[in-house]
Amino acid sequence: MRILGIETSCDETGVAIFDDEQGLLSHELYSQVKLHADYGGVVPELASRDHVKKTIPLIKEALKKAGLTPADLDGVAYTAGPGLVGALLVGATIGRSLAYSWGLPAVAVHHMEGHLLAPMLEDNAPDFPFVALLVSGGHTMMVEVQGIGEYQILGESVDDAAGEAFDKTAKLMGLDYPGGPLLSKLAEKGTKGRFKFPRPMTDRPGLDFSFSGLKTFAANTIRANDDDEQTRADIAFAFQEAVVDTLAIKCKRALKQTGLKRLVIAGGVSANSYLRQELGSLMTKLNGEVFYPRTEFCTDNGAMIAYAGMQRLKNQELMDLSVKAYPRWPIDQLKPLNKQILK
Ligand code: KG4
Ligand code: ZN
């Protein structure tokens with residue numbers, strides 16, 4: 001079976017074709033980063049308009065690269081939420097309409113389930129169950145995963161998401177949007193120990209996160225110090241170290257609480273090499289294993305949507321003819337897969 005996946009929930013247009021026997025056949029991505037850079041963040045209306053321009057050409061390109069025509073497909077999957085409503089509606093409208101005109105079933109995919117399942121596209125895919133740390137620009141969540149659709153949220157951010165904290169702090173330091181990767185690059189030249197940032201919400205039990213205080217701490221530190229390049233790098237280092245350390249403390253806690261030995265990290269911030277390194281050594285210490293997607297599938301992409309869509313298609317979770325988008329859609333509302341159908 002083959003499925004076309006379409007992702008338009010934020011500022012990336014992603015398209016991919018996934019085959020349940022051969023794996024990923026093609027994937028195309030267009031990032032709107034330059035479009036939003038002047039505004040220092042995503043402008044929803046501009047994002048929607050750009051998805052309108054890019055989605056169909058990318059679908060044509062993905063079909064061409066896979067050497068397929070629409071007649072070779074068995075379904076069309078698109079991100080239906082959570083995300084920016086206008087951006088979601090572009091993918092949902094195009095996906096639903098193409099499915100109708102091609103006589104195929106349409107599948108609505110949950111964006112965060114897409115992220116969570118992205119490591120399944122790798123050779124070294126995790127077995128269930130596992131603990132998943134989802135760290136993106138819009139969400140930070142710790143989830144106990146017993147199987148596809150069997151998600152128990154163990155904790156989440158009470159304010160900013162981890163990626164959002166990276167971006168806001170980067171902006172304070174004068175870095176372009178999205179600042180996460182740029183801040184991380186700057187931190188490579190930083191000196192450990194010069195600044196010490198707090199580890200929010202680690203001194204009390206529980207698995208929730210709070211990152212907005214770190215941004216304020218960063219603002220105060222920037223104000224109180226010289227603006228030379230080394231100081232900026234040292235501040236970036238201390239900020240990144242605090243976020244990563246906080247995430248690692250919570251991962252350790254979640255693994256202890258669930259008794260699980262496998263950890264999955266996914267979402268844009270899972271591309272962060274310091275986070276990968278620190279969680280790697282944590283899992284070695286705990287005699288467990290850490291899994292993450294290849295870097296290009298950490299951030300938004302069509303491949304993860306095609307993969308998640310295939311699981312839901314096989315489970316017969318098909319959309320009616322209306323075009324629907326769900327800007328807010330809690331991940332624990334998803335249905336467990338019917339294991340008898342899937343085998
Ligand atoms: O998953 P994603 O592409 O979009 C959402 O679903 O939100 O995540 C984007 C986020 C941005 O906040 C970006 O700054 C952050 O992921 N990010 C990083 C890195 N690469 C992307 N943050 C820290 N270090 C990175 N290397
Ligand atoms: Zn995302």
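Just follow the structure's listing: the first ligand is 1, and inside any ligand the first atom is 1.
At least one N/O/S atom of His111, from backbone or side chain, sits under 2.8 Å from the Zn ion (ligand 2).
In this structure, atom 7 (O) of ligand 1 lies nearest to the protein heavy atom Gly137 N, 2.8 Å. Residue, atom and distance of the protein heavy atom nearest to atom 12 (O) of ligand 1 are Asp167 OD2, 2.6 Å. Among protein heavy atoms, the minimum distance from atom 21 (C) of ligand 1 is reached at Gly268 O, 3.3 Å. Regarding atom 22 (N) of ligand 1, its nearest protein heavy-atom neighbour is Gly180 CA, 3.6 Å. At the top of the distance list for atom 23 (C) of ligand 1, counting protein heavy atoms only, stands Asn272 ND2, 3.6 Å. The nearest heavy-atom contact from the protein to atom 2 (P) of ligand 1 is Asp300 OD1, 3.4 Å.
Heavy-atom contacts of His111 reach the following atoms of ligand 1: 6 (O) (cutoff under 4.0 Å). When each atom of ligand 1 is checked for a heavy atom of Gly163 under 4.0 Å away, the hits are 12 (O). Listed by number with element, the atoms of ligand 1 under 4.0 angstrom from any heavy atom of Gly138 are 7 (O). Of all atoms in ligand 1, numbered sequentially from 1 with element shown, those under 4.0 Å from a heavy atom of His115 are 1 (O), 6 (O).
In this structure, a donor-acceptor pair under 3.5 Å is absent between the side chains of Glu122 and Asn124. In summary, the side chains of Asn315 and Gln311 do not present any donor paired with an acceptor at a separation below 3.5 Å, with no hydrogens or angles considered. Counted by atom type alone, Thr79 and Glu7 present one or more donor-acceptor pairs between their side chains at under 3.5 Å.
In this structure a side-chain-to-backbone donor-acceptor pair under 3.5 Å is missing from Asn301 to Gly14. Proximity of a side-chain donor or acceptor of Asp245 to a complementary backbone N or O of Ala248 within less than 3.5 Å is not detected. Side-chain N or O atoms of Gln22 include none that pairs as donor or acceptor with a backbone N or O of Arg2 at under 3.5 Å. Judged by distance alone, with hydrogens and angles left aside, the side-chain atoms of Tyr151 form a donor-acceptor pair with the main-chain N or O of Gly149 at under 3.5 Å.
With respect to the Zn ion (ligand 2), His115 has NE2 as its nearest N, O or S atom. With respect to the Zn ion (ligand 2), Asp300 has OD1 as its nearest N, O or S atom.
Under a 4.0 angstrom heavy-atom cut-off, Met112 registers as lying outside contact with ligand 1. Ligand 1 has at least one atom lying under 4.0 Å from a heavy atom of Pro181.
Residues forming a salt bridge (Lys or Arg N to Asp or Glu O under 4.0 Å) with Glu289 (at least two apart in sequence, or on another chain): none.
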N/O donor to acceptor pairs below 3.5 angstrom from side-chain atoms of residues 83-90, sequence neighbours left out:
none

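For the pair Arg276 and Tyr292, the cation-pi criterion (under 6.0 Å, within 45° of the ring axis) is fulfilled.
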